[in-house]
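All values below come from the heavy atoms of this structure, side chains included, with hydrogens, waters and symmetry mates left out. Note that ligands are numbered from 1 as they come in the structure, with each ligand's atoms numbered from 1 the same way.
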Amino acid sequence: MKIIRTINEMTNKIKELSHETIGFVATMGFLHEGHLSLVRKAKEENDLVVMSIFVNPLQFGPNEDFEEYPRNEEQDTDIAEKAGIDVLFMPTVKEMYPEELAIKMTIEKGTDVLCGRSRPGHFDGVGTVLTKLFHIIEPNYAYFGLKDAQQFAIVHNLVRQLNFPLQVVGLPTIREADGLAKSSRNVNLSDRERAEAKQLYKSLQYAQKLLVDGIKNPDIIKAEVQKMLQKETNGIIDYIEILSFPNLGQISTIKEQIIIAVAVQFEQARLIDNILLQADGTKIDRL
Ligand code: AMP
């Protein structure tokens, strides 16, 4: 595995390595099975796989956890190598942003809901860094986890509407045995919070059951999820939303593909989770 830290070296490497297609997995590191599921699919579908590890300051708000975000370069390098990554791109903040940015992406649609509403500017930061990474790495396929479904929807629009010559692939959320979605941030949960955190997915499964049972009114389902989360966790509920997907529009009755999403703020970690469902409650796993 080649480790690369500069943009110049990265663009040269891409030119130098012979390949049919490049599969790209963008991450913020502290790698876990969720990331590796994307790598596996990228390896299946491409002959060159590039991963980036970059904790992007642009997508963190002033009171968010940029400093506390877990990092472990040595462990990540080891995991990436074992996973069969061909090129690991690990630039510094200075390398990516050597000067104050005169130009940034502004995401116009789909940011007034879910994490976009709670984290103003977050998706502009995501859009900006991915624009840079897509230009530097020139992938044919970019793999994203549906755990971050809003990110997937926004990146999909970015690529389609601004004509990036690549395809975005969305893959299912990988979970711990008790259902908690794997996340780098899970290490920042206290023991008690870790025990409570499984309730996020449990509440989503309960919501799915209500839909399967024929409840089509999103307000009724949201109220039930809220009751369950309030009873079973001490975290602060940031949002519980049911929206059309991938448009992320408000709906008054469930009759199309939807996302049911929750975000809960624990002491040191904000956790998000979602499920994507057909109108009849059937789960959607890949987009
Ligand atoms: P992150 O390092 O958290 O920015 O995540 C990098 C990529 O991995 C994103 O496309 C995430 O959606 C994806 N990812 C993170 N956690 C999971 C998970 N539990 N299952 C599947 N994909 C995930």
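- For S183, no nitrogen or oxygen atom sits less than 3.5 Å from a nitrogen or oxygen atom of ligand 1, counting backbone and side chain alike.
- Note on L36 and F30: separate hydrophobic clusters, where clusters join Ile, Leu, Val, Met, Phe, Trp and Tyr whose side-chain heavy atoms are under 4.5 Å apart, directly or indirectly.
- For ligand 1, the atoms sitting less than 4.0 Å from at least one non-hydrogen atom of P172 are 20 (N), 21 (C), numbered in the order shown with element in parentheses.
- Every atom of ligand 1 is numbered from 1 in the order shown, and the set under 4.0 Å from a heavy atom of Y69 is 3 (O).
- A salt bridge between D86 and K13 is absent, with no side-chain N of the basic residue lying under 4.0 Å from a carboxylate O of the acidic one.
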Candidate pair Y69 and N56, rule side chain to side chain donor-acceptor pair (under 3.5 Å), full reasoning: CA-CA 10 Å; Y69 197 86; N56 174 34; over 6 Å; no
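- Looking at L146 against ligand 1, nothing comes within 4.0 Å, counting heavy atoms.
- Proximity of a side-chain donor or acceptor of H135 to a complementary backbone N or O of T131 within less than 3.5 Å is detected.
- Checking side-chain atoms of E64 against main-chain N and O of G61 turns up a donor-acceptor pair under 3.5 Å.
- Any N or O atom pair closer than 3.5 Å counts here, and A181 shares no such pair with ligand 1.
- F54 does not count as a contact of ligand 1, since none of its heavy atoms falls under 4.0 Å from the ligand.
- Residue contacts with ligand 1, taken as heavy atom pairs separated by less than 4.0 Å, involve H32 solely via side-chain atoms from C-beta onward.
- At the shortest separation from atom 1 (P) of ligand 1 among protein heavy atoms lies H35 NE2, 3.6 Å.
- The protein non-hydrogen atom at the shortest distance from atom 14 (N) of ligand 1 is D148 OD2, 4.3 Å.
- Heavy atoms of S184 found under 4.0 angstrom from ligand 1: none, in either backbone or side chain.
- Contacts of A26 with ligand 1, taken as heavy-atom pairs under 4.0 Å, involve the backbone alone.
- For the atom pair CG of L229 and CD1 of I237, the computed distance is 4.5 Å after rounding to the nearest 0.5 Å.
- Ranking the protein heavy atoms by distance from atom 10 (O) of ligand 1 puts G145 N, 3.0 Å first.
- The heavy atom nearest to atom 13 (C) of ligand 1, considering only L38, L31, V169, is found in L38.
- The single protein non-hydrogen atom nearest to atom 20 (N) of ligand 1 is I174 N, 2.8 Å, given as residue, atom name and distance.
- At a 3.5 angstrom cut-off on N or O pairs, K182 counts as close to ligand 1.
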Chi angles and distances behind the side chain to side chain donor-acceptor pair (under 3.5 Å) call for N8, T6: CA-CA 5 Å; N8 202 16; T6 68; 5.9 Å; no
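- For atom 4 (O) of ligand 1, the nearest non-hydrogen atom of the protein is M28 CG, 3.6 Å.
- Within the cation-pi definition used here (under 6.0 Å to the ring centroid, within 45° of the axis), R175 qualifies as a partner of Y201.
- Counting only distance, with no hydrogens or angles, the side chain of K216 and the backbone of A279 share a donor-acceptor pair below 3.5 Å.
- Hydrophobic clustering places L276 together with Y239 (ILVMFWY residues linked when any side-chain heavy atoms are closer than 4.5 Å, directly or through intermediates).
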Would you tabulate the side-chain donor-acceptor contacts of residues 245-271 under 3.5 Å, counting partners in other chains and residues two or more places apart, or write 'none'?
unit_1	atom_1	unit_2	atom_2	d
Q257	NE2	F245	O	3.3
R270	NE	D238	OD2	3.0
R270	NH2	D238	OD2	3.1

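- Looking at F144 next to ligand 1, no N or O pair under 3.5 Å apart turns up.
- For K147, every heavy-atom contact with ligand 1 shorter than 4.0 Å involves the side chain, none the backbone.
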